[in-house]
Number of protein chains: 2
Amino acid sequence: MVMIEPNGHFCSDCAVRATAVCSSLDLAELREFDHLGRRVTFAAGETVFSEEDITTSFYNVLEGVMRLYKLLPDGRRQIVGFALPGDLLGMNIAGRHNFSADAIGAVTVCQFAKTAFGRFVEDRPHLLRRINELAIRELSQAHDHMVLLGRRSAEEKVATFLLNWRERLVSLGGSSDMVPLPMNRQDIADYLGLTIETVSRTFTKLERLGVIEIIQGGISLLDPARAEALAAASRSYFDF
Amino acid sequence: MVMIEPNGHFCSDCAVRATAVCSSLDLAELREFDHLGRRVTFAAGETVFSEEDITTSFYNVLEGVMRLYKLLPDGRRQIVGFALPGDLLGMNIAGRHNFSADAIGAVTVCQFAKTAFGRFVEDRPHLLRRINELAIRELSQAHDHMVLLGRRSAEEKVATFLLNWRERLVSLGGSSDMVPLPMNRQDIADYLGLTIETVSRTFTKLERLGVIEIIQGGISLLDPARAEALAAASRSYFDF
DNA sequence: AAAGGCAGTTGATACAGATCAATTCGGCGG
DNA sequence: CCGCCGAATTGATCTGTATCAACTGCCTTT
């Protein structure tokens, strides 16, 4: 973990300015906000915080991808989400994180001391409303993911994952046919409630079907419509 | 759906006063709040709102149990949660519910028009903070449920469900050995990502093990410690 | 360029839980 | 009290995914 420029950075030219929590702040507030956060960088594989830890900070992801996960005592892991630039981490009840977070590849976050951040939010209901909005959006995504985990087949899971991941990257300015997958197969398996072998086989199957092409560090989405059809729970491609 | 006493009720003697959103309101605010909500009753099996519906109201559960679920186009169902007295429903993004809600047995809710409720919240940050707290608590529960759906065996799922359900009922003043199950086996199956037959077999198994006794409308928890052991992911009962 | 190592793929087999099919139980109307 | 009907249970069998095991390919180190 490396801290850079404790205060030498300005929110006004931050990359995630438009999408993150801070989108609800005006210029005067932003200037104050500058002094609250500090940029911190984590190397690939480093743990940013652990499930049992007492929450002392909020984190705003600026660059990179993180895996958010929970472990069972015997080592089984469920990844509850991947965090991308603009995502806010650290909201919790009872003062403890409810999942762990690792950097996948290098990650830069904007870290806020919980107390200072709390004071800042105190008399800014619009910021609180923005935080609430983010929490509810996440809750909604969590519900969608429950459907996937509880009721979808391996093929549907993988196709859905690829499409959703692509959509998130597109909304951050990514291309729509090349889909980078910075996480490894095990991460994908633990996200989808599958084993690494099943994920691998399903990728291969989708490739054989001409839906995707497996390339270094990701996939190329050859047939998005077909992928949608495989992801959806419709009985067949053309039934209505 | 039956509306009773549009305004003849008082928040100050509401059953869920202490646990619901309204716990953050003072007496003066409560008096104002009286005029915002109206009590509405739903019969067993009635749908309170559907996933596609535009959100026009918030609902505060006063009595009864609701199932919250999402459907796939081909009819597969995932129950994302059960709502009990004190729970707040209707928080959403983009103005649409993100799941459907049915009454299991008779249900009474306190219904608020979204616009009026929104105005009331507007200049009451403490209420907003309370709502945020509830949203984050639900998000945390959602994460726990993802672990269950993605990484736990049928036996662990059922044992975990029974313990968690009991805990919720206890916190509402229920007894701790008799656990009523107002939902049917299909509901439990759709909540746990299992089939009805697997749920039934697992209940029978737990009964054979002497962990529970299956009784009308619920179970009796004979051996809570053993149930905990089955729910947890430890390798064995006594492993170090 | 060879060697080592880890991530990913592929194959063979096992098994938990799904599916299909009766059967039993319990509440309710006549 | 009897017969009906939906919910729950139980049984037999099937199957999707896990598990166990080997192999491949790519990057890294020397």
Side-chain angles (χ1 to χ4, degrees), chain A residues 44-45 67 72 74-79 102 104-105 148-162 180-209 212-220 230 233 235, chain B residues 44-45 67 72 74-79 102 104-105 148-162 180-209 212-220 230 233 235:
Chain A
R67 58 175 163 253
L72 289 175
D74 67 353
R76 280 176 288 177
R77 184 178 71 160
Q78 176 65 45
I79 291 185
D102 290 348
I104 297 179
L148 178 139
L149 290 171
R151 287 295 179 226
R152 304 188 96 121
S153 70
E155 195 174 289
E156 290 171 337
K157 284 177 175 180
V158 171
T160 304
F161 165 68
L162 292 176
L181 298 172
M183 68 292 285
N184 63 29
R185 295 289 187 269
Q186 187 63 63
D187 290 338
I188 297 175
D190 287 346
Y191 182 57
L192 300 177
L194 297 171
T195 59
I196 186 174
E197 293 95 333
T198 298
V199 170
S200 184
R201 278 187 247 273
T202 308
F203 269 77
T204 306
K205 187 175 173 189
L206 292 181
E207 188 169 47
R208 266 204 314 275
L209 290 171
I212 64 170
E213 189 188 357
I214 300 167
I215 54 183
Q216 260 322 83
I219 59 121
S220 172
L230 291 173
R235 260 167 281 261
Chain B
R67 60 174 161 253
L72 289 175
D74 67 352
R76 280 175 288 177
R77 183 178 71 160
Q78 177 66 44
I79 290 185
D102 290 348
I104 297 179
L148 179 138
L149 289 171
R151 288 293 178 228
R152 303 188 97 120
S153 69
E155 195 175 288
E156 290 170 338
K157 283 177 175 181
V158 171
T160 304
F161 165 68
L162 291 175
L181 298 172
M183 69 292 283
N184 62 30
R185 295 289 187 268
Q186 187 63 64
D187 290 338
I188 298 175
D190 287 346
Y191 182 58
L192 300 177
L194 297 171
T195 59
I196 187 173
E197 294 94 334
T198 300
V199 170
S200 185
R201 277 187 246 273
T202 309
F203 269 78
T204 307
K205 187 176 174 189
L206 292 181
E207 188 169 47
R208 267 203 313 275
L209 290 171
I212 63 170
E213 189 189 356
I214 301 166
I215 54 182
Q216 262 320 89
I219 58 119
S220 171
L230 292 172
R235 259 167 283 259

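Fair warning: this is a prediction, and the values are worked out from it, not measured in the lab. A note on names: the letters A, B, ... follow the listed sequences, proteins ahead of strands, and every chain is numbered from 1.
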message: With a strict under 4.0 Å distance from non-hydrogen atoms of chain A, what nucleotide opens and what nucleotide closes the contacted stretch of DNA chain C, reading 5' to 3'?
response: dG8(C) to dA12(C)
- prompt: Can you tell me how far the OG1 atom of Thr202(A) sits from the NZ atom of Lys157(A), to the nearest 0.5 Å?
  reply: 10.0 Å
For Asp187(B), all residues meeting side chain to side chain contact (heavy atoms under 4.5 Å, CB included), sequence neighbours excluded: Arg67(B), Arg77(B), Ile79(B), Phe82(B), Ile104(B), Met183(B), Asn184(B)
query: So what does Gly217(A) touch, heavy atoms closer than 4.0 Å: a base, only the sugar-phosphate, or nothing?
result: nothing
message: Can you pull out the residues from residues 198-209 of chain A that lie within a 4.0 Å heavy-atom distance of DNA chain D?
response: Thr198(A), Arg201(A)
- prompt: Should the pair Arg201(B)-Glu155(B) be classified as a salt bridge under the 4.0 Å nitrogen-to-oxygen rule?
  reply: no
message: Tell me every residue that passes side chain to side chain contact (heavy atoms under 4.5 Å, CB included) with Thr160(B), counting only those two or more places apart in sequence or in another chain.
response: Leu148(B), Arg152(B), Asn164(B), Ala231(B)
message: If the condition is side chain to side chain contact (heavy atoms under 4.5 Å, CB included), which residues does Glu213(B) pass it with, not counting sequence neighbours?
response: Glu207(B), Ile215(B), Ser220(B), Leu222(B)
- prompt: How far does CD of Gln186(B) sit from OG1 of Thr195(B), to the nearest 0.5 angstrom?
  reply: 8.5 Å
query: Going by an N to O cut-off under 4.0 Å, is there a salt bridge joining Arg76(A) and Asp190(A)?
result: no
- prompt: Which part of the nucleic acid does Gln216(A) contact within heavy-atom distance under 4.0 Å: base, sugar-phosphate only, or nothing?
  reply: sugar-phosphate
- request: Please list, in 5' to 3' order, the outermost nucleotides of DNA chain D lying under 4.0 Å from any heavy atom of chain B.
  value: dA8(D) to dA12(D)
- prompt: Just how far is it from atom CG of Leu194(B) to atom CZ of Phe161(B), taken to the nearest 0.5 Å?
  reply: 11.0 Å
- prompt: Run the side-chain contact (heavy atoms from CB on, under 4.5 Å) check on Leu181(B) and Leu162(B) step by step: do they pass?
  reply: CA-CA 9 Å; Leu181(B) 298 172; Leu162(B) 291 175; 4.1 Å; yes
query: Hey, does the Lys NZ or Arg CZ of Arg185(A) hover above the aromatic six-ring of Phe203(A), less than 6.0 Å from the centre and inside 45° of the axis?
result: yes
